[in-house]
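Note: hydrogens, waters and symmetry copies are ignored here, and every other heavy atom, side chains too, is used. Chain letters run A, B, ... following the sequence lines, proteins first and then strands; every chain starts at 1. Keep in mind that this is a model prediction, so the values were computed, not measured.
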Amino acid sequence: MALPFEKPIDDLSDRIEDMRAYASEQNIDLSEEISLLEGRLERLQHDVFENLTRWQRVQVARAPGRPTALDYIQSVFETFTELHGDRTLGDDSAMVTGLALLGGRSVVVIGQQKGRDTKENIGRNFGMAHPSGYRKAMRMFNMADKFGLPVVTLIDTPGAYPGVAAEEQGQAWVIAESIQRMSQLKVPAVAVVIGEGGSGGALAVGVANRVLILENAIYSVISPESCAAILWRDASQAPKAAEALKLTAGDLLELGVVDGVIKEPVGGAHRDPQATMRCVGARLEEELGALSSLSETELLEQRYARFRNMGRLESVT
Amino acid sequence: MALPFEKPIDDLSDRIEDMRAYASEQNIDLSEEISLLEGRLERLQHDVFENLTRWQRVQVARAPGRPTALDYIQSVFETFTELHGDRTLGDDSAMVTGLALLGGRSVVVIGQQKGRDTKENIGRNFGMAHPSGYRKAMRMFNMADKFGLPVVTLIDTPGAYPGVAAEEQGQAWVIAESIQRMSQLKVPAVAVVIGEGGSGGALAVGVANRVLILENAIYSVISPESCAAILWRDASQAPKAAEALKLTAGDLLELGVVDGVIKEPVGGAHRDPQATMRCVGARLEEELGALSSLSETELLEQRYARFRNMGRLESVT
Amino acid sequence: MALERWFRRKRPTRSDDNSPAGLWLKCDECNAQIYRKDLEKNLYLCTECGHHYKMPADARVAMLADAGSFERWSGTIKGADPLAFEDTEPYVKRLERAAERQKRPDAILTGAASLQGEPVALAVMDFFFAGGSMGSVVGEEIARAAERAAREGRSLVTVAASGGARMQEGALSLMQMAKTTVALEALSRAKLPFISVLTDPTTGGVTASFATLGDIIVSEPQALICFAGPRVIQQTIKQDLPEGFQRAEFLLQKGMLDDVVTRPNLKARLALYLSLLRGTLTPTATAAVGGEPGGAAV
Amino acid sequence: MALERWFRRKRPTRSDDNSPAGLWLKCDECNAQIYRKDLEKNLYLCTECGHHYKMPADARVAMLADAGSFERWSGTIKGADPLAFEDTEPYVKRLERAAERQKRPDAILTGAASLQGEPVALAVMDFFFAGGSMGSVVGEEIARAAERAAREGRSLVTVAASGGARMQEGALSLMQMAKTTVALEALSRAKLPFISVLTDPTTGGVTASFATLGDIIVSEPQALICFAGPRVIQQTIKQDLPEGFQRAEFLLQKGMLDDVVTRPNLKARLALYLSLLRGTLTPTATAAVGGEPGGAAV
Ligand SMILES: [Zn+2]
Ligand SMILES: [Zn+2]
């Protein structure tokens, strides 16, 4: 399950374990050696994880064992109750929606759900929503507005599903509508990119007042693989494309695409899901608390300004 | 094409024609006899059509040659331009929608369209809309509200389509939504039952400020045939069911279900479509003119009151 | 369709009666012999397989309302006979007989209650009265319940069970679809939740009006929920219907329901929805969120 | 995908240029040899079969705007290079070359015009500039056009032609989907119509934002309109795509378009929509309605 660049770390960990076992077995004192190795392990982890290449971060963002939307929902939220269906086309399991408590506050929560194992992944369509998923999200936006409930969205998708039925049912139309509908929410909305923020399929539920991203999550207009296939006719150039696309949390903060980065434990969220989720929960409560002081008009204006000002321009001389 | 009870009228008409031809051929003067017969024809027509049984009116309401929604749209409205699609499921040809001018006023027009011949009837699904049709109507309600355009609906359907896809796509849900959406229109809405007002499928576009009905049109909670099948296990008892259901224009006016009855030419709309359509056009302009003086709130309250007060109750003693 | 049966039946005998009667019952689902008293004590669920039988309106209210909290609103109006309708028997006679048997003037029971402390208006349809068909009285009671709930700051919970429109009231019964729908507007404006519970069967004009307009819509397992009945559709398409067609679980997949909830879980679920929508839920352990992740139920 | 081609091409030669060039052209549709000047004079329709070729932005404006009425708004801003993007060539170089060839700073031309007398803002995408991809400049010009239209009481007409998002601007290009969308709100509030014209091809981020949010959406015949391109889908499903899939006529059937309108009819149709929505149409014979039924066009 380890990612390629995690191997030296895992190897060193194994060696420490071996040494401990040996010391215990032989009843000799190797504590000094072990302590030295542990120090080295810590430095190694920091070295590796503070200097991850963009492509390595893409791999962390997609790592098995990384907490999924439902993990957050079950861990960070209380008394979650799932609401199904879009009243139109179906019930998309790649988009989980419902009501929950967060820090004592009722919220509408919308999560893009990948599977936690292969079977669930197939059932969840790898987190790629159909139009039905976006329609369900819009139904939740309506409910949030009607009852004055803040909205939390958890973004984790390779993108909206590219399939025949999805296109026939107006995938583009429904993403545009969802962007529009979310931008018009009269309630506070916070989005967190917890893993992969894949293109329009992610943005459709990302038009929030505050957009946060986990340290090793990514948010991109196109996957590195597809980008490489277009630019160099070679999907294996994905690492190069990942560099070029500037899709990491730090990049996005600099570009103004996200408002904040949530630190992950050393080694990435998949190495300590519980700690990661606690951080996200605390941050969500904080952000919702701050937004709760804004009026409807302020929320709308703030969201409008946030997205209206996206982009980099120069004057024609 | 004649309806059974039209036969004596047609026979007498034929005899008058014969007599004219004979007189002309033989060069003799039969004008007195012809005039007598013409008087008798007129009396016969009046006798038949003023004393139509309810079942006979059902037949007139469904008569071939009776003007359809598109006939009205093409004759009564100017510069009609059809708008297609519900942006969700498809484009239902049993529900024709668009923009048009009526007496110089821009309106949104929604018509339930049966075919004018067998081929069109099949193409139009006999005027039985799918969920897509009602979604299209709702899209038009939204457009009408946004641009402040009055809504005219022309009702002519045996009912919403009872089929597998229709049920899977939530036929009941969408009819309920359409009733609700139409009741919330901020613009004047006039509905005219031009032929068959079949149950919920008709009401879905019938929640208007003014509901009119043509003299020989019907509006019913269930078709006489289905009613007979339930009550007497015998669809051929439909005439009896039609009597019991009180589904004619006069009945409905008395029950308060419609606000006005538009007279048809003697012999029914199918005997003189142009004259019928002129009457409907004039009446529509008149009603829209009257409603145009009401404020948004007044329109909403009036429509609310109109439907809120439907029904007959007694106190429990 | 149950509505059909109601009409064909001149004078119901004990055996073809829809309402639970007789000492023993053979389960439709698992064929077990069930003692009827046990069924009644078991929320009208088969004691062997859990099959959901139709539940009388009073039992439903008893199940949902907190003990002693129900205050009846309905019952002061009864049906007129606007069409002087008569088939094999005059409509008024049918109404009288049903009223006598069901001990209420029409197919609806409404009132105020608290539901795990949440103030609600309950509107429960009585399928054993004229197949739960909706005429002027049913429509009026639902409309009144919605409006009064809005005035009193109560959420609305309806429990649908209906063969469709009451055809003996002709177009007036059709108009109840619009009447119940417009009355919901008052609740919406007051931002009060409306939760619709669909039970077996919910069909025709009830499905196509208030019952599918809930902010949240849940159904009991296996309930038949449709606009057009299966027989009508079979006659139209002249083919077998898909497996599970028009049943609750099928409609959940089709996106039409928020959930399918078993009867023993219904009250708690409704309470959860209401408290989350109204923001009245007290967190069981507020501190848990910032500290150790709590054991949230999913 | 045309966007792909644009990227792979280092230095376009005459022959693989998207823009009409060369004296003669063999029609993709009917194989007829067409004189290129004739094509240009014929609104870029095949003179033999009427096939709709891609139309340059200036020609489009000339076709839609009343003579002499167009006043250009766009052109004062140009793209930055926020990612310092470089593939086989730096992004800035590509931009410079495209700007030089197309005589505009980016893939969009906007301005004020009258359209059969209706005051409009036109926003026409230039497919021959970077495959009509949407980056910060395209997004900004569309947003500005929408906002200015709202201020000046103009309707908005956009003509889309796009290979999707401008990936050299990374997530910022993705954000243009939200930017263009939120800017439409100003028009909505002013109750001014927004009519979206989709032309071949309209794909990706443009389709999934402003272009499908028109009050009325029309397309030119046979235009490819999609979120994901046909090749991507084919790779996903590993099957042949349905006949006509993602083409305008197919999407009309699927309910996604108001109509498919041929280029020669487009201006009159847009004028009709605008005047009906704004209530500015003068009836050709108001009296006709009450008198003899008029010859309404359907
Ligand atoms: Zn059983
Ligand atoms: Zn050609």
[X] (side chain) donor-acceptor with [Y] (main chain) under 3.5 angstrom:
X: A:Asp86; Y: A:Arg139; answer: no
X: C:Asp258; Y: C:Val218; answer: no
X: A:Ser178; Y: A:Val174; answer: no
X: A:Asp91; Y: A:Gly85; answer: yes

Where does [X] contact chain C at under 4.5 Å (heavy atoms): side chain, backbone, both or neither?
X: A:Asp145; result: backbone
X: A:Thr88; result: backbone
X: A:Leu149; result: side chain
X: A:Arg135; result: neither
X: A:Ala144; result: neither

message: Distance check, rounded to the nearest 0.5 Å: C:Leu270 atom CG versus C:Ser275 atom OG?
response: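 Here the interatomic distance stands at 10.5 Å.
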query: What's the spacing between C:Ile142 CD1 and C:Gln176 CD if we round to 0.5 Å?
result: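 One gets 9.0 Å once the value is rounded to the nearest 0.5 Å.
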Portion of [X] that has a non-hydrogen atom of chain A nearer than 4.5 angstrom:
X: C:Arg278; value: neither
X: C:Leu251; value: neither
X: C:Lys191; value: both

field: Verdict with supporting geometry, A:Asn121 and A:Thr118, side-chain hydrogen bond (donor to acceptor under 3.5 Å, both in side chains)
entry: CA-CA 5 Å; A:Asn121 230 337; A:Thr118 308; over 6 Å; no
query: With respect to chain A, which residue among C:Thr212, C:Ile216, C:Leu257 yields the maximal number of heavy-atom pairs within a distance under 4.5 Å?
result: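 Among C:Thr212, C:Ile216, C:Leu257, the one with the most close pairs to chain A is C:Leu257.
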